[in-house]
Colleague: 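Following this message is one structure expressed as C-alpha cells.
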Amino acid sequence: MDLKQLKIKLGKLVLDTPVLPASGTFGYGDELQDVTDYKFLGAIITKTLTWEQTQGNPPPRIWEFENGLMNSIGLQNIGVRCFASEKLSCLKKLKKPIIVSVGGKSPEDILKCIEFLDRKNGISAFELNLSCPNIKTSKIISEDPRSTFNIIKKAKKITDKIIIAKLSPNVRDICETGIAAEEAGADILCAVNTYKGLYYDWNNKKMYTGGVSGSMIFPMALRAVYELYQKVSIPIIGVGGISSEKRALEMIFAGASAIGLGTFLIINPELPMKICKFLIDYLKTNHTNLQSIIGLYNEKRQKETDC
Ligand SMILES: Cc1cc2nc3c(=O)[nH]c(=O)nc-3n(C[C@H](O)[C@H](O)[C@H](O)COP(=O)(O)O)c2cc1C
C-alpha cells in the first residue's frame, strides 16, 4: 500500500496519514505496537497528562450502551514528570510526531505541564484537553469562549510548539469556543471530546455520570466539525464515533484534515489500516487528492467550486 498520497499538512504539523488515535484510548502511545501497525497512524497522541500523578475516579469507570460507551476515567495518569523520564524516549523511537495531551483541574495546572514539557526534545505539539467532563473542577474550560481564549493565549507565550485545542461538545455553539481558540493563536482544533451522559445500572441500582463516545455521537460530532469548518481557518481534527472507513471519509468531507479514532480503535485495532486503504482507493477511483476532498460538504467549499 503506497501511503505517500495520504501525507497531509495541518499547518506546521506534517502527518504521514490523516488517521490519529484519540487521546485516552491509546495509552501513553507505545503500548499498542503488538496490535496496531503504527505505519498507518499520522502521529502518536498520549492520554491526557496532568502535573501530579492522578489515580482517576474509583471503579466502575466504563459502561457499555447499545451504540457506544460512557467513561469516567477521571484523567488517571502517571503525571508529566514521570512521563518525561519513563515514556518519552520510547515514543521518540517510533519516528512519528508526538502529540502530548495535557490537562488538569485548573488552567495553571495545564500551563505548568506545558512549561515543563516544552524543555524536552521530541514533542511536536501539545493538545490541550480543555474539555474533560469527568474531573471535579469548577468549570470545563472550553465550555466558555473567554476562558478558552485566555488559556490558549498564555500557552502560546510559553511555547513555540504547535497548540491543539480540544473542544467540548457540551456547549450551545461550538463555533464560539472554536473561534476564541483560533483568535488566541491555536494552530489546530480537535473536535470533539465526549458528550455528558448518565447511566443507570439496574443490577446495583446506582446512577453514574460520565462522557459518552462511540457510534451514537457520530452525527453530532460530524455536525460540530461541519459547522467549525465554515467559521475557522485553522485545520480541524475530527473525532467522535468514527467506526468505519466510510465514517472517516464523511468526517473529512465535513471539514476534518485528520481524523481521530477513540472507541473503535479499542474495539478494532486494524481500523487505521482499513481506513488508509479505503482512502487510497477512493482517491484513485475519483482522480483526486486528500487536500481537495477536505470540507466537500460545506457551503463555503461548494460556493468556491461553483465560481
Ligand atoms: C476510555 C476513554 C478515555 C478517554 N480519555 C481521554 C483523555 O485522556 N483525554 C482526552 O482528551 N480525551 C479522552 N477521551 C475522549 C476521546 O479522545 C474522544 O474525544 C471521544 O471518545 C470521542 O471519540 P470516539 O467516539 O471515537 O471514542 C477518552 C475516551 C474514552 C472512551
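Order of listing sets the numbers, starting from 1, for every ligand and every atom in it.
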Colleague: Quick one: sort the F253 and Y282 rings into parallel, tilted or perpendicular, breaks at 30° and 60°.
Modeller: perpendicular

Colleague: Nearest non-hydrogen contact with atom 3 (C) of ligand 1 belongs to which option: G262, G24, G241?
Modeller: G24

Colleague: Residue-level breakdown please: for N193 versus ligand 1, do any non-hydrogen atoms fall below 4.0 Å on the side chain, on the backbone, on both, or on neither?
Modeller: both

Colleague: Answer yes or no: does an N/O atom from G214 fall short of 3.5 Å to an N/O atom of ligand 1?
Modeller: yes

Colleague: Going by the atom numbers of ligand 1, which of them fall below 4.0 Å from some non-hydrogen atom of T194?
Modeller: 20 (C), 21 (O)

Colleague: Between D187 (side chain only) and I163 (backbone N and O only), is there a donor and an acceptor less than 3.5 Å apart?
Modeller: yes

Colleague: So does D118 get a backbone contact from the side chain of K161, meaning a donor-acceptor N/O pair under 3.5 Å?
Modeller: yes

Colleague: If you take the nearest heavy atom of each of S213, G74, S101, which one is closest to atom 31 (C) of ligand 1?
Modeller: S213

Colleague: Give the numbers and elements of all ligand 1 atoms closer than 4.0 Å to a heavy atom of T25.
Modeller: 29 (C), 30 (C)

Colleague: Given I267, N71, L261, which one has a non-hydrogen atom that is nearest to atom 29 (C) of ligand 1?
Modeller: N71

Colleague: Do L130 and E143 have side chains that approach each other closer than 4.5 Å (heavy atoms only, starting at C-beta)?
Modeller: no

Colleague: Out of M70, E127, K166, who is nearest to atom 12 (N) of ligand 1 when you count heavy atoms only?
Modeller: K166

Colleague: Begin from the C-alpha positions of I98 and L88 and carry the test side-chain contact (heavy atoms from CB on, under 4.5 Å) through to its verdict.
Modeller: CA-CA 9 Å; I98 299 171; L88 196 52; 4.3 Å; yes

Colleague: Is the shortest distance from a heavy atom of N77 to ligand 1 less than 4.0 Å?
Modeller: no

Colleague: Numbering the atoms of ligand 1 from 1, which are under 4.0 Å from a heavy atom of T263?
Modeller: 24 (P), 25 (O), 26 (O), 27 (O)

Colleague: Taking the six-membered ring of Y38 as reference, does the NZ or CZ atom of K96 fall below 6.0 Å from its centre and within a 45° cone about the axis?
Modeller: no

Colleague: Provide, to 0.1 Å, the distance between atom 6 (C) of ligand 1 and the closest protein heavy atom, together with that atom's residue and name.
Modeller: S23 O, 3.1 Å

Colleague: By number and element, which atoms of ligand 1 are closer than 4.0 Å to a non-hydrogen atom of V239?
Modeller: 18 (C), 19 (O), 22 (C), 23 (O)

Colleague: Between E108 and K112, does at least one N-O distance fall below 4.0 Å, as a salt bridge requires?
Modeller: no

Colleague: Does the side chain of K274 reach to within under 4.5 Å of the side chain of F40, using non-hydrogen atoms?
Modeller: no

Colleague: Between F65 and Y199, is the gap from one ring center to the other below 6.0 Å?
Modeller: yes

Colleague: Using a 4.0 Å heavy-atom threshold (strictly under), name the region of I217 that reaches ligand 1: side chain, backbone, both or neither.
Modeller: side chain

Colleague: Where does T48 meet ligand 1, judged by heavy-atom distances below 4.0 Å: at the side chain, the backbone, both, or neither?
Modeller: both

